[in-house]
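Structure first, commentary second.
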Amino acid sequence: MEEKYPMAIRYWLMKCEPAAYTIDDLDRDGRASWEGVRNYQARNFMRDGMQVGDKVLFYASNADPSGVTGLAEVVRAGYPDHTAWTAGHEYFDEGSSADAPRWFMVDIGFVARFAATIPLETLKKTPGLEDMMVIQKGSRLSVQPVTRAEYEIVRTLGSAVP
DNA sequence: GCCAACGTTGGC
DNA sequence: GCCAACGTTGGC
């Protein structure tokens with residue numbers, strides 16, 4: 001990954017189930033904090049990698065069809081996920097505290113909503129996207145880096161939808 | 001709803 | 001430090 005992705009990664013893919021949040025919700029809200037991620041690899045990307053202005057492919061998982069539904073951008077870089085500190089909260093983690101936060105989140109802002117979802121199946125068939133993490137079998141990471149080329153291909157697919 | 005793939009936990 | 005058991009993710 002060191003060679004494929006430059007030191008400052010500028011492009012990402014973020015997954016969310018429609019039951020939890022959609023690109024339309026983001027359109028309505030303008031921005032959203034991405035709390036509740038409880039995976040160390042995804043945490044590391046949000047804590048150490050994502051910077052204001054980075055571009056995001058918004059991906060709907062467990063959807064019909066699953067796929068990229070729009071574009072977002074990072075509007076606040078990684079900061080502690082305080083939802084881990086409240087006992088009883090669904091994202092509570094007793095191993096995290098304000099003094100020693102274990103989990104981090106970013107804020108993203110709405111950029112665009114695709115007229116139609118770009119299904120996973122289309123991503124798999126599109127030349128240039130062969131190495132995208134999201135199309136690999138068993139890929140579960142909810143925050144993933146993508147290359148600039150991959151981002152541009154998907155953005156173009158989204159714009160081309162009637 | 002099924003189940004394969006994956007991440008985490010905990011016994012040893 | 002291994003690895004089996006378990007819980008979760010997410011496509012289908």
Side-chain angles (χ1 to χ4, degrees), chain A residues 1-2 4-5 9 11-27 29 32-50 54-72 74 78-108 110 112-147 150-151 153-158 160-161:
Chain A
M1 201 156 76
E2 282 71 24
K4 186 169 173 187
Y5 303 99
I9 298 170
Y11 304 92
W12 308 90
L13 179 145
M14 298 176 85
K15 292 182 191 173
C16 190
E17 299 195 12
Y21 206 73
T22 67
I23 191 69
D24 288 327
D25 292 331
L26 187 60
D27 188 7
D29 298 338
S33 57
W34 212 251
E35 74 267 10
V37 174
R38 297 293 178 265
N39 169 282
Y40 287 104
Q41 212 176 340
R43 186 277 310 267
N44 293 346
F45 283 134
M46 291 198 292
R47 185 189 61 185
D48 307 328
M50 300 179 92
D54 287 5
K55 308 299 185 187
V56 176
L57 298 173
F58 194 102
Y59 183 91
S61 59
N62 257 323
D64 186 22
S66 294
V68 179
T69 55
L71 307 174
V74 178
Y79 62 105
D81 182 346
H82 56 81
T83 65
W85 306 337
T86 307
H89 194 283
E90 67 171 317
Y91 298 136
F92 176 66
D93 177 3
E94 64 177 359
S96 185
S97 66
D99 286 342
R102 172 178 290 176
W103 304 111
F104 284 72
M105 57 186 177
V106 298
D107 290 355
I108 62 172
F110 177 80
R113 177 195 187 283
F114 290 166
T117 300
I118 308 304
L120 177 60
E121 189 182 354
T122 300
L123 301 179
K124 288 178 176 174
K125 286 192 278 194
T126 301
L129 302 183
E130 296 86 356
D131 294 334
M132 259 188 111
M133 226 179 265
V134 73
I135 71 168
Q136 310 305 319
K137 185 175 181 177
S139 165
R140 285 171 30 177
L141 194 59
S142 64
V143 177
Q144 321 178 343
V146 302
T147 66
E150 289 162 350
Y151 175 87
I153 289 170
V154 177
R155 187 179 64 77
T156 302
L157 286 174
V161 171

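Chain identifiers are assigned alphabetically (A, B, ...) following the order of the sequence lines, protein sequences preceding nucleic acid strands; residue numbering begins at 1 within each chain.
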Roughly how many Å is it from OH in A:Tyr91 to P in C:dT8, rounded to a whole number? 13 Å
Please report, rounded to the nearest Å, how far the C1' atom of C:dT9 is from the CD atom of A:Gln41. 14 Å
Could you tell me whether the phosphate oxygens of B:dT9, OP1 or OP2, come under 4.0 Å of any side-chain nitrogen or oxygen in A:Tyr40? no
So, A:Arg43 and A:Asp81, do they make that salt bridge, N to O below 4.0 Å? no
With side chains defined as the heavy atoms from C-beta onward, is the minimum distance between A:Thr69 and A:Thr22 less than 4.5 Å? no
5'-most contact on DNA chain B: A:Asn62 or A:Gly138, nearest heavy atom basis? A:Asn62
Rounded to the nearest Å, what distance is computed from the CZ atom of residue A:Arg38 to the C1' atom of nucleotide B:dT9? 18 Å
Round to a whole Å and report the spacing from CG of A:Leu141 to P of C:dG10. 9 Å
Separation of atom CD1 in A:Ile135 from atom P in B:dA5, rounded to whole Å: 17 Å
Side chain of A:Arg140 (C-beta onward), nearest among B:dC6, B:dG7, C:dC12: B:dC6
In whole angstroms, how far is the P atom of C:dG10 from the CE atom of A:Met14? 13 Å
Taking NZ from A:Lys15 and C1' from C:dG11, how many angstroms apart are they, rounded to a whole number? 10 Å
I want to check one thing: is the phosphate of B:dC3, taken as OP1 and OP2, less than 4.0 Å away from some side-chain N or O of A:Lys137? no
For the side chain of A:Asn39 and the backbone of A:Ala42, is there at least one donor-acceptor N/O pair under 3.5 Å apart? yes
Spacing between A:Arg43 atom CZ and B:dT8 atom P, to the nearest angstrom: 10 Å
Measuring to OP1 and OP2 of C:dG11, would you say a side-chain N or O of A:Ser66 lies under 4.0 angstrom away? yes
Going by an N to O cut-off under 4.0 Å, is there a salt bridge joining A:Asp93 and A:Arg102? yes
